[in-house]
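Inspection log for the structure reproduced underneath, given as structure tokens.
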Amino acid sequence: MKQLNLVICLFFLTAFVNAQELQSFIQEAESNSPEIQAYNLRHNIAEEKVNEANWIPNTEFSAGYFVSEPETRTGAQRARFSAKQMLPWFGTITARENYASSIANAEYVEIVIAKRKLALSVSQSYYSLYTIKTKQKVLDENIELLKTYEKLALTSVEVGKASAVDVLRLQIRQNELQQQKEVLEETYLGEQTSFNKLLNRDGNTGVTILEALMLPSEDIFYDENNLSLNPELLKYDKLYESIKQSELLNQAESNPMIGFGLDYLPVSERPDMNFSDNGKDILMPMVSVSIPIFNKQYDSRSKQNELKQLEINAQKENRLNVLESAFAKAQSQRNQSRIAYNTQAKNLKQAKDAEQILIKNYETGTIDFNDVLDIQELQLKFELNQVESIQMYYIQSALINYLIN
């Protein structure tokens with residue numbers, strides 16, 4: 001019981017350390033990512049457009065000079081000065097601001113999606129690095145095992161119980177494993193560069209990888225209904241809301257615009273005449289209304305907005321189907337990896353039992369080194385398959401976490 005408790009404690013400690021270490025990499029990636037920075041800038045621009053929306057048409061000023069001064073009862077008009085200001089209908093500016101805010105909200109969801117995708121990529125790359133490193137350790141252990149068998153073979157050759165061919169076969173097998181190890185080293189360097197670039201740092205920077213990963217005793221249950229909270233779907237809700245605000249803005253802009261103005265006309269005095277309004281300047285306040293009577297663009301925009309909303313609903317439904325398929329596939333592959341891991345564990349135990357039988361046969365004076373190579377190859381296969389099963393389990397768990405949480 002104490003041993004079981006120790007194993008459980010070690011598992012949870014390992015999982016905690018792995019989660020903490022991986023989370024620190026993800027946070028570093030989010031802080032350094034140029035892509036995230038670009039999305040943040042796009043969001044800042046969209047937010048600034050809310051301030052841009054608070055505008056009214058330019059104030060119009062005009063001035064004119066009468067080349068031929070028209071005569072009036074009170075005198076000749078010399079010039080004309082005008083000022084005019086058009087004002088949008090009540091609520092139009094607010095509608096513009098609401099529309100700009102809805103666009104900014106949609107841009108913010110893009111930031112959330114980008115961060116989640118980056119976290120998924122960092123996790124997948126991290127588990128790939130772990131797999132490569134662990135495979136190298138497995139190969140090292142098998143190379144050492146073959147060296148032990150080689151010593152046994154040399155001893156058997158000396159007493160005439162084996163041939164030099166058996167020794168050569170063991171050495172050739174060691175060379176093959178050494179080749180696999182060197183190939184993995186090159187693969188590791190390439191994956192390490194990819195991982196570092198996700199964190200926007202030098203590709204040759206060393207990466208600290210957890211020594212061992214274990215499968216949890218039980219799989220975490222994920223509710224498929226939580227897929228509806230995925231930002232990839234929430235994005236369509238925000239876009240739908242932006243189209244709704246666009247239509248409200250369209251309706252507001254289809255209303256009349258009211259204008260206020262003032263005309264000033266300086267008048268010259270009529271000579272040789274004396275009356276009360278002689279030379280009195282003209283001051284004329286004005287009110288104007290701009291009505292889109294023959295403009296069909298607003299009706300067209302309403303129709304376009306209606307079609308856009310239908311399009312967004314269709315896109316959301318399609319994306320939900322894609323996410324549900326990805327979720328089902330990820331769960332299936334995660335379960336498959338556990339089945340494969342358990343099967344390889346049983347096979348590995350049986351292969352080790354066979355190895356022990358061979359060792360005992362050697363003690364009694366008989367050993368077939370062809371059987372030794374066969375058993376060693378099986379052990380290596382089962383161990384590497386176990387490592388790949390662990391990689392697949394955690395990569396699919398990271399994908400499920402991206403889809404659900």
Side-chain angles (χ1 to χ4, degrees), residues 30-63 81-118 200 229-262 285-316 319:
E30 290 180 356
S31 300
N32 299 337
S33 171
E35 182 183 18
I36 301 298
Q37 294 173 10
Y39 276 112
N40 279 323
L41 290 173
R42 283 177 55 181
H43 179 247
N44 292 339
I45 293 172
E47 284 188 322
E48 187 58 35
K49 285 186 176 295
V50 178
N51 297 328
E52 178 188 338
N54 188 7
W55 64 273
I56 58 176
N58 293 338
T59 303
E60 297 181 15
F61 295 95
S62 62
F81 302 95
S82 300
K84 182 180 180 181
Q85 177 66 62
M86 298 298 293
L87 298 175
W89 196 257
F90 303 103
T92 302
I93 293 178
T94 301
R96 282 201 215 110
E97 292 175 339
N98 292 340
Y99 173 65
S101 296
S102 66
I103 295 296
N105 292 335
E107 291 291 348
Y108 179 78
V109 177
E110 293 288 356
I111 298 176
V112 177
I113 294 173
K115 285 183 177 181
R116 289 166 70 96
K117 287 184 175 179
L118 179 61
N200 196 31
L229 301 178
N230 188 290
E232 289 193 40
L233 296 178
L234 295 179
K235 176 182 71 174
Y236 293 106
D237 294 336
K238 297 299 182 181
L239 290 175
Y240 189 93
E241 178 63 24
S242 70
I243 301 301
K244 181 179 177 181
Q245 294 299 327
S246 175
E247 177 57 24
L248 292 176
L249 174 59
N250 179 55
Q251 293 176 8
E253 290 182 337
S254 67
N255 290 320
M257 293 183 67
I258 302 175
F260 299 93
L262 185 68
M286 294 186 300
V287 176
S288 61
V289 179
S290 172
I291 304 175
I293 298 176
F294 303 107
N295 199 333
K296 295 183 179 180
Q297 65 172 328
Y298 301 107
D299 293 335
S300 177
R301 286 178 185 174
S302 294
K303 184 62 177 179
Q304 292 176 45
N305 288 332
E306 181 181 350
L307 294 174
K308 286 179 181 178
Q309 287 180 326
L310 293 175
E311 177 191 10
I312 289 173
N313 285 335
Q315 289 176 337
K316 180 181 179 181
R319 192 57 191 167

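Every value quoted in this text rests on a predicted model; they were computed, and no experiment measured them. What's counted below: heavy atoms across the whole structure, side chains too, no hydrogens, waters or symmetry copies.
- Contact record, M286 with L262: CE-N, 4.4 Å, taken as the closest heavy-atom pair.
- Distance CG/L87 to OG/S290: 12.0 Å, rounded to 0.5 Å.
- Residues A252 and A95 approach most closely at CB-CB, 4.2 Å, considering heavy atoms.
- Interatomic distance, CD1 of I103 versus CD1 of I45, reported as 13.5 Å (0.5 Å rounding).
- When each of I113, L118, V112 is paired with R116, the side chain to side chain contact (heavy atoms under 4.5 Å, CB included) condition holds for V112 and for no other.
- The line from OG of S288 to CE of M86 is 4.5 Å long, rounded to the nearest 0.5 Å.
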message: Is there a side chain to side chain contact (heavy atoms under 4.5 Å, CB included) between I111 and K115? Walk through the geometry before answering.
response: CA-CA 6 Å; I111 298 176; K115 285 183 177 181; 3.9 Å; yes
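- The minimum heavy-atom distance between V287 and F260, with the atom names listed, is CG2-CD2, 4.0 Å.
- No hydrogens or angles considered: nothing links the side chains of N255 and T92 as a donor-acceptor pair under 3.5 Å.
- K235 pairs in a side chain to side chain contact (heavy atoms under 4.5 Å, CB included) with only one of the listed residues (I312, N105, V109), which is V109.
- Y99 OH to S242 OG: the interatomic distance, rounded to the nearest 0.5 Å, is 6.0 Å.
- Around OH of Y236, the count of heavy atoms belonging to other residues, nucleotides or ligands within 6.0 Å exceeds 12.
- Between A100 and K49, the shortest heavy-atom distance links the atoms CB-O, 3.7 Å.
- T94 has its side chain within reach of N98: a pair of non-hydrogen atoms, C-beta onward, lies under 4.5 Å apart.
- For E253 against Y298, the heavy-atom pair with the smallest separation is O-OH, 3.4 Å.
- You'll find the side chain of N40 reaches within 4.5 Å of the side chain of I36, heavy atoms only.
- Counting only N and O atoms by type, the side chains of E97 and S101 include no donor and acceptor under 3.5 Å apart.
- Residues M257 and P292 have side chains not in contact (no heavy-atom distance under 4.5 Å, counting atoms from C-beta outward).
- Between E247 and K244 no salt bridge is recorded (no basic side-chain N to carboxylate O distance below 4.0 Å).
- Side-chain atoms of S33 never come within 3.5 Å of backbone atoms of E30 as a donor-acceptor pair (strictly under, hydrogens ignored).
- Here the CD1-OG distance, from I291 to S254, works out to 12.0 Å after rounding to the nearest 0.5 Å.
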- request: Evaluate side chain to side chain contact (heavy atoms under 4.5 Å, CB included) for I243 paired with L239, printing each intermediate quantity in order.
  value: CA-CA 6 Å; I243 301 301; L239 290 175; 5.6 Å; no
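- Nearest heavy atoms, N32 versus Q37: O-NE2, 3.8 Å.
- Taking CD of E110 as the start and NZ of K117 as the end, the distance is 8.0 Å to the nearest 0.5 Å.
- Judged as a side chain to side chain donor-acceptor pair (under 3.5 Å), and not counting sequence neighbours, Q309 has no contacts.
- Around the CG atom of N51, the shell of radius 6.0 Å holds more than 12 heavy atoms that belong to other residues, nucleotides or ligands.
- For the residue pair Q297 / R301, a side-chain donor-acceptor distance below 3.5 Å is found, with atom types taken as modelled.
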message: Could you go through R96 and N54, starting from their C-alpha distance and side-chain angles, then the distance that decides it, and tell me whether this counts as side chain to side chain contact (heavy atoms under 4.5 Å, CB included)?
response: CA-CA 7 Å; R96 282 201 215 110; N54 188 7; over 6 Å; no
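- At least one side-chain heavy atom of Y240 sits under 4.5 Å from a side-chain heavy atom of N313.
- Judged purely by atom type and a 3.5 angstrom limit, Q85 uses its side chain to pair as donor or acceptor with the backbone of P57.
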